[in-house]
Amino acid sequence: MQNKKHEHLFIVYNPNSTGAATVEEQVFDPLDEQGIRYEVYDTKSPDTEENIADMQQIPSDADVIVAAGDGTAMQITNAAQRGKKDWTIGFTPHGNFSDQAYTHASHQHDVLDLLNAPTVDVAPMTIEVDGEYWRHAPSYMTIGWSAIAASQFGDHESRDVMKNTPKALKLARSLAQLAENYYKNRKTFLPPFAVNGDNQDNMTDIMAVNGPRVAGIIRSQDTYYDKPYFGAKADIDVSHILPNIPFGLKALSGHTPLERVESMNIAFEEAARIPVQTEGEFQWLDAQNIYVYKNPNDRLQIRHPKRTARA
């Protein structure tokens, strides 16, 4: 591997990520051992929008590796789209949930595999709120109880606990936090709304999905990748978690409309304060209409070692 292949390599590192302690050993050290030059970009703010704006300082011709979790992956996606960056992006699993990393790579792939991997052309979801652009989401967006539950993973206390949790126990501890949050908020229903004209009532959640994994909990077939058609409730499998989290039967099956989004218009009967999260980044939005769709002009070049494995 020659240095000249990666003259503008940037490692996006989030010191607050729950997997930050392993980045040096698993990312920096292998690059150093191979003599590969790189620059480190540290996320500078707890505020999502501030990070998105600041990330656009990375040069347009950069090769970017996100050594963090899904929240940072979502931020770099938005920075690429808003800054019209011609980045090639790879993801390593160093967050509480690392759906972006495991969508494109398997557990056996490391940072060197990423740099040698072919790329795939991906369209993230575009989200508009009351007719105005709000954000891109590469994998998923949820509205309702699941968004409120995600908010707990952003505070310093939760992150500190997860940083000190052995890797094998992180998912179980995360699910335990979700279970506790669910029982506190299980009677929190969304205001009446319609999805693509179909009226909905007594729903805890809305979920828009653009990939095979949602928060490490819901998984679809591993061969799925950016299919041209996105149908309601398409080949989603939650059976592996149901024995361990009984609340999942209601929260993930009975009260969560789930689609792979090509075009999803969510219209509330009246303007309301709505809990929304994209890739774990939580926000309250004052909204009456939320429109999620795929814009064919919004494309990302993502490093995808799984394609090499299938070749």
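Keep in mind it's a predicted model, so treat the numbers as computed, not measured.
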The test is salt bridge (Lys or Arg N to Asp or Glu O under 4.0 Å); show your working for E49 and R135 and say whether it passes.
CA-CA 9 Å; E49 292 299 325; R135 181 176 290 173; 3.2 Å; yes
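- Each of Y133 and I266 belongs to its own hydrophobic cluster when Ile, Leu, Val, Met, Phe, Trp and Tyr are linked at side-chain heavy-atom distances under 4.5 angstrom.
- Taking every heavy atom of both residues into account, A123 and N210 meet most closely at O-ND2, 3.1 Å.
- Taking the six-membered ring for Trp and the full ring otherwise, the centers of Y102 and H107 sit less than 6.0 Å from each other.
- The line from OG1 of T77 to CD1 of I302 is 6.0 Å long, rounded to the nearest 0.5 Å.
- Below 30°, between 30° and 60°, or above 60°: for Y291 and Y293 the angle between ring planes is below 30°, a parallel geometry.
- Here the CG atom belonging to N78 is positioned 4.0 Å from the CD1 atom belonging to I52, to the nearest 0.5 angstrom.
- Considering only heavy atoms from C-beta on, P192 stays 4.5 Å or farther from F268 through its side chain.
- Annotation: side chain of Q301 is in contact with side chain of D121 (closest heavy-atom distance under 4.5 Å).
- We find the CG-CD distance between L285 and Q277 to be 11.5 Å, quoted to the nearest 0.5 Å.
- Taking the side chain as every heavy atom from C-beta outward, M125 and P138 never approach each other to under 4.5 Å.
- Here the closest heavy-atom approach between residue W87 and residue P59 is recorded as NE1-O, 2.7 Å.
- Residue P15 comes nearest to A20 through the heavy atom pair O-CB, 3.6 Å, listed as atom of the first residue, atom of the second, then distance.
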Show the numbers, then the answer: is there a salt bridge (Lys or Arg N to Asp or Glu O under 4.0 Å) between R303 and D63?
CA-CA 10 Å; R303 292 196 177 276; D63 208 343; 3.0 Å; yes
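- Closest approach of W134 and R82 over heavy atoms only: O-NH2, 3.2 Å.
- Within the 4.5 Å cutoff, no side-chain heavy atoms of W284 are placed close to those of I274.
- In summary, the aromatic rings of Y41 and F10 are positioned with their centroids too far apart to meet the 6.0 Å limit.
- Using bins of under 30°, 30° to 60° and over 60° for the plane-to-plane angle, the ring pair H304/H104 lands in the perpendicular bin.
- Here the closest heavy-atom approach between residue G95 and residue S17 is recorded as CA-OG, 3.4 Å.
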